Number of protein chains: 2
Amino acid sequence: MTVTLADVAARAQVSPATVSRVLNGNYPVAATTRERVLRAVDELDYVLNGPASALAAATSDLVGILVNDIADPFFGIMAAAIQSEIGGPGGRAGGERLGVVCNTGGSPERELTYLTLLQRQRAAAVVLTGGAVENTAHATAVATKLRKLADAGTRVVLCGRPPAPADTDAVALTFDNRGGGQELTEHLIELGHRRMGYIAGPEERTTTRHRLEGHRAALAAHGIPDDPAWTVHGRYDRRAGYEATLELLRREPSLTAVVAANDTVALGACAALRDSGLRIPDDVSVVGFDDLPFSVDAVPALTTVRLPLSEAGALAGRVAMGREEAPEGGIVTVRGELMVRGSTGVPKG
Amino acid sequence: MTVTLADVAARAQVSPATVSRVLNGNYPVAATTRERVLRAVDELDYVLNGPASALAAATSDLVGILVNDIADPFFGIMAAAIQSEIGGPGGRAGGERLGVVCNTGGSPERELTYLTLLQRQRAAAVVLTGGAVENTAHATAVATKLRKLADAGTRVVLCGRPPAPADTDAVALTFDNRGGGQELTEHLIELGHRRMGYIAGPEERTTTRHRLEGHRAALAAHGIPDDPAWTVHGRYDRRAGYEATLELLRREPSLTAVVAANDTVALGACAALRDSGLRIPDDVSVVGFDDLPFSVDAVPALTTVRLPLSEAGALAGRVAMGREEAPEGGIVTVRGELMVRGSTGVPKG
DNA sequence: CTGTTAGCGCCTTCAG
DNA sequence: CTGAAGGCGCTAACAG
């Protein structure tokens, strides 16, 4: 029924092995022979059987990309960049690799499930993006999985995620969330703000914790007390930002600034402030984090920290493909850049 | 080195066949035996070899999801919805399927390449999302590919994409882009607008053409002449919207409304208008399309057509999994809903 | 440079 | 309900 490599070999009057060599291009084959094989492939409209070749070679062309939320541009941008480096030539079987994006939805179980699925597929590499869940049991389980993947020859790269235990052999490109958070709050402090609300992401996430730590470090550095009531946790979405802002306003109507865990949350915060009749930045300043494409279009444009998502993703992709050396020690920290725009100003009064 | 099914069988003191049956759960096995096998699997930390099982069974657990631009929430939202229906139980081998998102970047070649890769992997299903490229050669190539995929047992579903030729056996969930486009322009006409600029998407895309056709149908229905100079094509991104708007303003400073191909483009249009010192909607009204999450946060909030991306994606996912019957004739048209918000008003003067 | 020979690890009839 | 046996399609040593 389906044409196999043997059919091609017969038509081209060579052995199956030769066809395989032509297809994988990793072995010297006479030009005329290659020509003949390629023609046969074409005439028969032959398509290599991936599973069979993966089985025989004990490795596949799959590269897994795990993201917390594919509907969030933060991950979409990174995933696109990673994939753009993976699609190219360099793999086995015709030089094409299949970059597959897996959406964990932020769920630890799904993350583990996908890792197992990828392990089962004998993936060539796996890239984990974004913040990790900070649950000891889960962190251990993930580390164990990564260890096994690495043992099985799968390259493991972390992108925008803190380093895994050293014995997992994972390369890590980490974002300096702490530093960015600190810069943002310091910017507000310099403008004169003292009463700032903080909308944090979900608890037990590294991203959440690091950004919050940066904020607190800035407060501490300037001797500003940190009132726990001025910090609210929520998901990384617009709605959470909206609701958290109303809650903060209820707790402390005199806030002069709102620091959001990311741009999406900041957008929700802006909406809540407007709906509460407050002007930005005249009454309340707002800052986000990430500098997603829409942030510059907010009115007023959002002050935020730009993360080089695309660049980081591309680098991660190259490392995953083995096309670029892993950095010394396997860890790179990528800094963000403070983008001061219209959403922040001096506090009123 | 690596643990195989045979190892598990030995440890559980059963035959490999029995282990296979337990793992796939598609065959009666005595409870006590199953128990024993499962324990052995656990103790040995056995992970099924995907390629081997795909080879033997002539089908894999992969489900491909093709998107034009994963960084665009339009696709991200659909992809997330599709994947959420795929991850669940129902597949072979432990009931898990691997939903893989492939980013074509809108390139016909990459689309074909991914389709081949998926064919090579013997994917269980493939979901193609978003507008198709309207190039005859390419359309034919894709149709041929889909035909072959279907012949090989791969289920093919189109989501937010016009139906493929009937003989491809592809189920299609189509968005009523024409109707939505017409409603939007009709809304503007009813407000009193007569001079409307149109920012279309890339040429040779079904989405672009259909939305534009809707716009023109509305103009025609009201006897409003359609000046070709008032239509500009560009990519589906913010920047294209920004530049196209400046161009339209240059060509016709007296425009009272700008119709954008989608929300992202509309956002760019708003920015350009603001930068040109024009107020929205007092000087110029703006409408988008899709109703992405950020659209309600624009200032003023964007008038647009809401597409049920999540619902459509979920349905497509279920059909792809064979968990839901394909509709009669294999085609469903999903209508959008006009969302009138602050970005549109009566024209000045 | 090319053909031959063994499997890769699993599923699936076919018996029992 | 369970075991035995053959083969899925390809690759990777070996010889030549």
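From a predicted model like this one, the values you see are computed outputs, not experimental measurements. Below, chains carry the letters A, B, ... as their sequence lines are ordered, and counting in each starts from 1.
Regarding N49(A), its CG atom lies at a distance of 12 Å from the P atom of dC8(D), rounded to whole Å. One interatomic measurement links the two molecules: CG of L5(A) to P of dT2(C), which rounds to 15 Å at whole-angstrom precision. The separation between R122(B) atom CZ and dC11(C) atom P is 17 Å, rounded to whole Å. Here dG9(D) presents its C1' atom at 10 Å from CG of D7(A), a figure rounded to the nearest Å. What separates CG of L55(A) from P of dC8(D) is a distance of 13 Å, to the nearest Å. For the pair N24(A) CG and dA12(D) P, the computed distance is 7 Å after rounding to whole Å. Atom OH in Y27(A) sits about 9 Å away from atom P in dA12(D), given to the nearest Å.
Using a 3.5 Å distance cut-off with no hydrogens or angles, the side chains of T18(B) and S15(B) do pair a donor with an acceptor.
Each of P51(B) and A17(B) was matched to the nucleotide of DNA chain C holding its nearest heavy atom; the match closer to the 5' end belongs to P51(B). With the nearest nucleotide of DNA chain D identified for both S15(B) and R21(A), S15(B) has the one nearer the 5' end. Along DNA chain D, the nucleotide nearest S20(A) and the nucleotide nearest R36(B) are compared for position; the residue whose nucleotide lies closer to the 5' end is R36(B).
You'll find that the side chain of L48(B) is closest to dC11(C), out of dC11(C), dT2(C), dT2(D). Comparing dT11(D), dG9(D), dT2(C) against the side chain of T33(A) picks out dT2(C) as the nearest. For T18(A), counting side-chain heavy atoms from C-beta on, the closest listed nucleotide (dC11(C), dG3(C), dG9(C)) is dG3(C).
Using a 4.0 Å cut-off between a side-chain N of Lys or Arg and a carboxylate O of Asp or Glu, R11(B) and E43(B) qualify as a salt bridge. A salt bridge links E111(A) with R161(A): the distance from a Lys NZ or Arg NE/NH1/NH2 to an Asp or Glu carboxylate oxygen falls below 4.0 Å. Salt bridge annotation for R155(A)-D169(A): absent, with no cationic side-chain nitrogen under 4.0 angstrom from a carboxylate oxygen.
A donor-acceptor contact shorter than 3.5 Å links the side chain of T144(B) to the backbone of T140(B).
No contact: V19(A) has no heavy atom under 4.0 Å from any strand.
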